[in-house]
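Bear in mind that the values here come from a model prediction, so they are computed numbers and not experimental data. Nothing fancy with the numbering, it's 1 onward along the sequence.
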Amino acid sequence: MGQTCVKLRLWLAFLSDRDSVLQVVLVHAGLTSLIAHIRVGRMQVALEAKSTVQPAVVCGDGVCEEAELCSTCPADCGECPMTPTTKLAIGLPLSLLCLCVTLTAVWLRYQKQKLFWDESWIIDFDKIKQDHEARMTMGSIISAQVGNSDSNTSCVTALSCYMAQPGSRKTPFTFTGLYDGRTVAIKRIQSKTFSLSKTIRQEVKQVRELDHPNLCKFIGGCVEVPNVAIVTEYCPKGSLNDVLLNEEIPLNWGFRFSFATDIARGISYLHQHKICHGRLKSLNCVLDDRWVCKITDYGLRTYRRDEGAEPLSNYQQRLLEVYMPPEFQNSNMEPTLAGDVYSIILLEIATRSDPVPAEESNVDSAWCRPLPELISSKADNTCPCPAEYVELIRRCRSHNPAHRPTFEQIRKFVHRINPIKVSPVDMMMNLMEKYSKHLEVLVAERTQDLMHEKQKTDRLLYSMLPRQVADDLRQGKPMQAQSYVSATVFFSDIVGFTQLSSSSTPYQVVDFLNKLYTTFDDIIDNYDVYKVETIGDAYMVVSGVPLENGILHAAEIASMALDLVGVCRTFRIPHKPNTQLQIRAGIHSGPVVAGVVGTKMPRYCLFGDTVNTASRMESTSLALKIQSSCSTFYLLEEIGGYELQCRGTMQVKGKGDMVTYWLEGKKTSLVSKDTDATATKHIPTETETETETETETELYSSVPGFLSGGPD
Ligand SMILES: Nc1nc2c(ncn2[C@@H]2O[C@H](COP(=O)(O)OP(=O)(O)OP(=O)(O)O)[C@@H](O)[C@H]2O)c(=O)[nH]1
Ligand SMILES: [Mg+2]
């Protein structure tokens with residue numbers, strides 16, 4: 001067993017403590033003799049004890065001792081084998097996870113395959129209906145009419161049998177139709193045979209997987225000859241080419257940068273999906289109703305192979321050449337990422353000019369035109385960063401494809417140089433806000449003008465008709481003749497007017513009458529009267545019509561008549577300053593009927609015997625005298641304050657004998673109205689006011705009595 005005898009000589013120099021414990025560390029394992037050799041003086045004793053020494057248990061020494069277990073010392077004895085439960089607990093979820101991953105992968109693969117074989121995109125051509133509305137909203141039509149008179153404008157309609165004119169300058173517009181409740185663009189493919197090959201399925205699958213705001217969505221396709229077509233999302237604002245060439249559409253640089261960014265985004269997305277457009281041009285960039293630029297006619301190269309297409313027109317051929325990258329000019333290469341030449345669209349955006357140069361210049365010269373000139377030539381507002389913009393075009397147009405930037409770089413560059421980082425919708429909103437504010441100001445100004453004009457016409461109207469009558473007429477209310485129980489009518493006439501007119505020129509007469517009646521008009525403004533009309537030299541005024549005023553009309557007319565006659569004494573005939581103007585006046589009170597007669601030049605007229613009698617009072621009056629009828633006399637007596645003298649009985653034509661009175665003036669005891677022609681509106685004196693308020697109702701009640709029993 002390999003036992004080892006170890007002698008340990010322990011020298012106990014001093015043993016004083018009985019309970020001392022001596023610890024001995026034995027480094028050898030196995031049977032060991034432990035000899036205690038004790039010497040006290042000359043006495044020596046040796047004690048031997050045999051013991052089996054077990055080695056110390058140390059975890060991590062690389063030996064799995066007996067005392068060690070996999071659970072207590074996995075370092076020496078290794079990991080414990082897993083229990084079945086643990087194995088199950090770990091294994092089950094793991095296997096489930098694996099299963100899921102596998103299933104997902106299988107499902108995805110299945111989906112991909114399903115998408116490949118899926119034919120839900122196939123559209124029955126007959127299910128596409130004609131769309132009349134698109135025709136109205138088509139940007140292309142507008143631009144074509146404005147931009148190119150020789151372009152074909154009769155073509156945008158769904159499924160119409162339109163064919164492009166072979167010699168037309170521009171490409172035909174897209175066909176549109178109504179499918180699934182929305183307007184779609186239909187690209188017809190003139191193919192005599194069509195088979196749904198694997199390549200086409202692959203192409204369709206590829207475009208169906210694309211989804212980007214700057215790509216026109218693929219909706220479906222018609223696969224039955226002769227109606228083979230590709231149906232895509234329709235953008236109503238027309239192509240970028242249409243918009244850029246339409247000078248009626250103002251495009252600030254904010255919009256232009258936004259177009260450039262949209263195109264870069266769309267193509268960049270295509271390139272990420274390993275799709276080269278191959279026919280990138282402004283005609284294949286269309287604008288939706290929010291002015292977002294979208295790329296159309298991408299992918300589906302085999303699908304859109306047009307075997308039966310008409311030969312290209314000269315313009316179309318030149319257009320093709322213009323957009324062709326230099327490395328493609330002399331070879332028939334497959335489209336490449338670098339070949340999606342973008343620069344020409346940037347140029348078009350900057351210059352808003354047709355990409356195809358005029359007939360006389362060749363394509364190459366168009367490509368090589370000095371850029372700064374292009375930028376400043378036709379742009380309706382200047383580019384905010386021309387140098388950077390030109391640099392971008394120059395890099396895009398690099399003849400070496402490797403030197404051209406990627407579309408992602410172009411997008412970032414445009415974004416960086418664009419000082420107006422606002423979306424087209426926001427730009428539109430800002431513009432509209434500006435517009436509406438401008439309109440508001442304009443409307444306010446126009447309203448002000450309108451108000452002024454209205455005031456003018458109102459003034460004119462009110463000077464021709466009583467305000468109430470004019471308002472009623474304006475509102476279209478039928479004008480009914482109205483009767484008034486009591487009113488006073490005044491007539492005046494110029495004595496010797498016929499003779500005066502014969503010795504004056506018509507201009508002098510007009511001038512004289514104008515001056516006289518302007519003076520009269522100023523005076524009557526001070527009274528509650530209404531001027532009915534002037535007939536030649538006659539002047540007719542009424543009070544109590546159209547606004548009734550009890551019996552005060554008699555006083556109003558009397559005071560006014562005194563004023564008018566008074567002013568005549570001082571009035572100077574302009575062309576005969578030494579001739580004394582003399583008027584005859586007559587007044588009469590009684591019932592009248594008032595109304596508007598006629599629809600053309602409507603006039604407010606008074607009817608009734610009162611008018612005739614008043615006229616007779618004037619015609620039988622004397623120069624600078626006011627003859628009053630008996631009825632007015634009674635009213636004036638009732639009102640008081642006027643001096644009247646009986647003239648006597650007069651033979652009045654058609655009326656018989658009438659007692660008449662001269663209205664001499666106002667009683668001096670009463671402070672009455674200011675007789676000054678320039679005086680302002682009549683303000684009743686205290687006495688008058690009192691008289692009015694006290695007696696108005698009483699006096700008014702007496703009117704019917706005088707009307708029936710009057711001397712007239
Ligand atoms: N308004 C509007 N016009 C469109 C739309 N899609 C195409 N167009 C226009 O329709 C016209 C004819 O389009 P296409 O038949 O694709 O002809 P193209 O774009 O000149 O030529 P390729 O696409 O290269 O074959 C072009 O002027 C396009 O700008 C659309 O969604 N909306
Ligand atoms: Mg196109």
Flag the pair [X] / [Y] as yes when at least one side-chain heavy-atom distance between them is below 4.5 Å, and no otherwise.
X: Leu636; Y: Leu663; result: yes
X: Lys294; Y: Asp288; result: yes
X: Pro591; Y: Thr610; result: yes

request  = Show your working on side-chain contact (heavy atoms from CB on, under 4.5 Å) between Ile583 and Phe571 and close with a plain yes or no.
outcome  = CA-CA 11 Å; Ile583 63 162; Phe571 187 85; over 6 Å; no

What closest approach, in Å, do [X] and [Y] show between heavy atoms, and which atom pair accounts for it?
X: Arg352; Y: Asn246; value: NH2-O, 2.8 Å
X: Ser353; Y: Glu348; value: O-CG, 3.8 Å
X: Cys568; Y: Phe520; value: SG-CZ, 3.8 Å
X: Val659; Y: Cys646; value: CG1-SG, 3.8 Å
X: Phe491; Y: Ser615; value: CD1-N, 3.4 Å
X: Leu500; Y: Phe512; value: CD2-CE2, 3.3 Å

query = Is there a donor in the side chain of Gln627 and an acceptor in the side chain of Thr620, or the other way round, less than 3.5 Å apart?
reply =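 Yes, because at least one side-chain N or O of Gln627 sits under 3.5 Å from a partner of the opposite role on Thr620.
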
ask   = Regarding Thr519 and Asp522, is there a side-chain donor-to-acceptor distance under 3.5 Å anywhere?
value = no

message = Rounded at 0.5 Å granularity, tell me how far NZ in Lys437 sits from CD in Glu433.
response =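 The NZ atom of Lys437 sits 5.0 Å away from the CD atom of Glu433.
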
request  = Indicate the ring-plane relationship of Tyr661 and Phe633, choosing parallel, tilted or perpendicular according to the 30° and 60° boundaries.
outcome  =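 Tyr661 and Phe633: parallel rings.
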
query = Which of parallel (below 30°), tilted (30 to 60°) and perpendicular (above 60°) describes Tyr539 and Tyr517?
reply = parallel

ask   = Going through the checks in order, is the side-chain contact (heavy atoms from CB on, under 4.5 Å) test met by Arg569 and Val565?
value = CA-CA 7 Å; Arg569 293 184 210 280; Val565 172; 3.9 Å; yes

NZ/NE/NH1/NH2 to OD/OE distance under 4.0 Å, Lys456 and Glu453 =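 Looking at Lys456 and Glu453, the cut-off is met.
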
request  = Output yes when Arg584 and Glu618 qualify as a salt bridge under the 4.0 Å nitrogen-oxygen rule, no when they do not.
outcome  = yes

message = Treating Glu664 as the side-chain partner and Glu643 as the backbone partner, does any N or O pair qualify as donor plus acceptor under 3.5 Å?
response =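 Such a contact is absent between Glu664 side chain and Glu643 backbone.
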
request  = Using atom types as modelled and distance alone, determine if a side-chain donor or acceptor of Tyr642 lies under 3.5 Å from a backbone N or O of Ala555.
outcome  =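 Judged by distance alone, yes, a pair lies under 3.5 Å.
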
inquiry  = Apply side-chain hydrogen bond (donor to acceptor under 3.5 Å, both in side chains) to residues Ser543 and His553 and explain how you reach the verdict.
reply    = CA-CA 5 Å; Ser543 180; His553 48 80; 5.7 Å; no

Candidate pair Thr183 and Leu178, rule side-chain contact (heavy atoms from CB on, under 4.5 Å), full reasoning = CA-CA 5 Å; Thr183 305; Leu178 266 183; 3.9 Å; yes

task = Could you walk me through whether Ser504 and Lys576 pass the side-chain hydrogen bond (donor to acceptor under 3.5 Å, both in side chains) test, one step at a time?
result = CA-CA 9 Å; Ser504 319; Lys576 289 182 192 278; 4.6 Å; no

message = Tell me which one of Val545, Val532, Val542 satisfies side chain to side chain contact (heavy atoms under 4.5 Å, CB included) with Tyr604.
response =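 The residue from Val545, Val532, Val542 that satisfies side chain to side chain contact (heavy atoms under 4.5 Å, CB included) with Tyr604 turns out to be Val545.
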
task = Please report the C-alpha distance between Leu251 and Ile249 in whole Å, then the side-chain angles of each, then the deciding distance to 0.1 Å, and finally whether the side-chain contact (heavy atoms from CB on, under 4.5 Å) criterion is met.
result = CA-CA 6 Å; Leu251 283 182; Ile249 302 175; 4.2 Å; yes

